[in-house]
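Worksheet: the structure to be examined is printed underneath.
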Amino acid sequence: MPPGLREDRRHAVKAALRRLGEEALAALIRGGFAVVKALGPDRAGAIGAAAARTLGPLTSAHRIARENIDAAFPEKSAEERAAILRESWENLGRTASEYVHLGDLWDFDIDNPGAGRIELSPESIERFIRLRDDGKPAIFFAAHLANWELPAVAAQRNGLASAALYRTPNNPAIARDILAMRAGVMGLLIPAGLSAPVAMMEALDQGLHLGMLVDQRFGRGPKVQFLGRTAAANPLLARLARRFDCPVHGARAIRLPGGRFRLELTEAVELPRDAKGQVDIQAATQAVNDIVAGWIREHPGQWLWQHRRWRD
């Protein structure tokens, strides 16, 4: 057999084995999702919190989270910082377990706002209705706080024409299953990648309300001050706001006792502008990160501390 043909066959076999492994892992995770679904959101959340609280400290992410919390809260005692770290693992475990229950978690009834798991302030309800009915595009920013998928679910379940940026898992089979779960409870889903900015601009051109998480590191972005340290931030929100001159709102979920949540929608944020009256990219990115940092300081145990937000 010619050497080139042998090499092609070897690559084909490796690719087939890789696909087989991906499908096997996806099948295993799919089975786990089925078990979690059968448990219901409360029992699944409790089990997820216990598992993350137990297994999280065994991972390298535990050290990253501890160092991040220590740097952000030097004024707190060691016991207070340890409690934040423990709660962060519990929140991550609950959020993962709630993934298959997103449709069930959203039970807000505008005619009976205190009856279910979800509560919204009258001000947030009024802002939401105004945005839903004005026929104009808008941008929403959120962070990895509490269950960070809920704002997107809220938009879809209440008739807000929306699109959301999301990160695709590396495993194509798992990505396919997760996309199928998201598709039923969220609006238009835009995968992160090179084509994402174009898709996001098209969504705003169509008058959609675009949501994105803004609290992760973006190595090529401008440097901002975030929780007391310099961090690289994603300027995409500010660039889109500059281009479309549309309102920008913050949206967050807050985890409450008893498996409940409070969702808040801010009034339009007045982004800083330059001498020409256009949105100032650097200053606007800093302003948005300041709001997110304030949210985190209010509920530090509900943020995802386990990523390298301040990596050089």
Side-chain angles (χ1 to χ4, degrees), residues 72 124 127-128 130-131 134 136-145 148-149 151-152 155 160-167 187-253 264-298 303-304 307-312:
S124 291
R127 291 166 189 153
F128 181 90
R130 187 172 71 241
L131 285 163
D134 66 8
K136 301 175 182 178
I139 301 173
F140 297 97
F141 64 88
H144 289 84
L145 280 159
W148 51 85
E149 305 283 3
L160 185 75
S162 61
L165 181 69
Y166 77 101
R167 177 169 294 182
L188 174 68
L189 293 167
I190 300 174
L194 294 177
S195 63
V198 174
M200 296 165 80
M201 287 188 286
E202 290 175 347
L204 291 170
D205 274 331
Q206 296 168 20
L208 299 183
H209 301 81
L210 177 66
M212 66 181 78
L213 295 160
V214 298
D215 57 336
Q216 290 190 310
R217 179 182 178 274
F218 187 78
R220 301 184 305 276
K223 298 298 191 293
V224 299
Q225 290 302 304
F226 187 68
L227 294 172
R229 285 189 286 168
T230 301
N234 194 332
L236 184 54
L237 181 147
R239 293 189 183 281
L240 290 171
R242 179 184 178 111
R243 180 182 180 92
F244 288 89
D245 199 22
C246 60
V248 173
H249 297 257
R252 65 165 168 168
E264 294 182 351
L265 179 64
T266 72
E267 193 51 89
V269 177
E270 291 293 333
L271 296 178
R273 294 178 179 265
D274 59 22
K276 296 181 179 179
Q278 295 181 313
V279 171
D280 184 309
I281 304 300
Q282 172 73 42
T285 303
Q286 180 68 67
V288 168
N289 275 268
D290 286 344
I291 293 171
V292 171
W295 291 346
I296 294 168
R297 291 193 181 280
E298 285 183 47
W303 192 52
L304 186 67
H307 68 287
R308 293 185 179 278
R309 182 67 174 86
W310 293 272
R311 183 176 57 193
D312 292 335

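Only this structure's heavy atoms are used, side chains among them; waters, hydrogens and symmetry mates stay out. The model shown is predicted, which means the values in this text are computed figures rather than measured ones.
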Calculate, to the nearest 0.5 Å, the distance between atoms [atom1] and [atom2] belonging to [X] and [Y] respectively.
| X | Y | atom1 | atom2 | result |
| --- | --- | --- | --- | --- |
| Leu271 | Leu237 | CG | CG | 7.0 Å |
| Arg127 | His249 | CZ | NE2 | 8.5 Å |
| His144 | His307 | NE2 | NE2 | 7.5 Å |
| Phe218 | Leu236 | CZ | CG | 7.5 Å |
| Met200 | Ile190 | CE | CD1 | 6.0 Å |
| Arg297 | Trp303 | CZ | CH2 | 10.5 Å |

When you compare the side chain of Phe140 with that of Leu131, does any pair of heavy atoms fall below 4.5 Å?
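SC-SC contact between Leu131 and Phe140 confirmed.
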Pairs satisfying salt bridge (charged side-chain N to carboxylate O under 4.0 Å, His left out), at least one member in residues 268-277, at least two apart:
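Salt bridge (charged side-chain N to carboxylate O under 4.0 Å, His left out) check on residues 268-277 returns Arg242-Asp274, Asp245-Arg273.
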Residue pairs, two or more places apart or on separate chains, that pass salt bridge (charged side-chain N to carboxylate O under 4.0 Å, His left out) and touch residues 190-215
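Found none.
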Got a sec, which residues hit side-chain hydrogen bond (donor to acceptor under 3.5 Å, both in side chains) with [X], two or more places apart in sequence or on another chain?
| X | answer |
| --- | --- |
| Glu149 | Arg182 |
| Ser124 | Ser121 |
| Arg220 | none |

Determine the minimum heavy-atom distance between [X] and [Y], stating which atoms define it.
| X | Y | result |
| --- | --- | --- |
| Ala203 | Ala163 | CB-CB, 4.0 Å |
| Phe226 | Trp310 | O-NE1, 3.2 Å |
| Pro151 | Ala251 | CB-CB, 4.2 Å |
| Ala232 | Gly221 | CB-O, 4.3 Å |
| Ile139 | Ala241 | CD1-N, 3.8 Å |
| Ala196 | Ala192 | CB-CA, 4.1 Å |

Side-chain donor or acceptor of His209 paired with backbone N/O of Leu204 under 3.5 Å:
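No, because the side chain of His209 does not come within donor-acceptor range (under 3.5 Å) of the backbone of Leu204.
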With side-chain contact (heavy atoms from CB on, under 4.5 Å) as the test, pick out the partner of Phe141 among Asn234, Leu210, Val269, Leu213.
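The single option meeting the side-chain contact (heavy atoms from CB on, under 4.5 Å) with Phe141 is Val269.
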Within 6.0 Å of CZ in Arg243, more than 12 heavy atoms from elsewhere:
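Open: at most 12 neighbouring heavy atoms sit under 6.0 Å from CZ of Arg243.
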Below 3.5 Å, can you tabulate the donor-acceptor pairs from side chains in residues 282-290 to any protein atom, sequence neighbours excluded?
{"unit_1": "Gln282", "atom_1": "NE2", "unit_2": "Lys223", "atom_2": "O", "d": "2.8"}
{"unit_1": "Thr285", "atom_1": "OG1", "unit_2": "Ile281", "atom_2": "O", "d": "2.7"}
{"unit_1": "Gln286", "atom_1": "OE1", "unit_2": "Gln225", "atom_2": "N", "d": "2.9"}
{"unit_1": "Gln286", "atom_1": "NE2", "unit_2": "Gln225", "atom_2": "O", "d": "2.8"}
{"unit_1": "Gln286", "atom_1": "NE2", "unit_2": "Asp290", "atom_2": "OD1", "d": "2.8"}
{"unit_1": "Asn289", "atom_1": "OD1", "unit_2": "Arg309", "atom_2": "NH2", "d": "3.0"}
{"unit_1": "Asn289", "atom_1": "ND2", "unit_2": "Thr285", "atom_2": "O", "d": "2.8"}

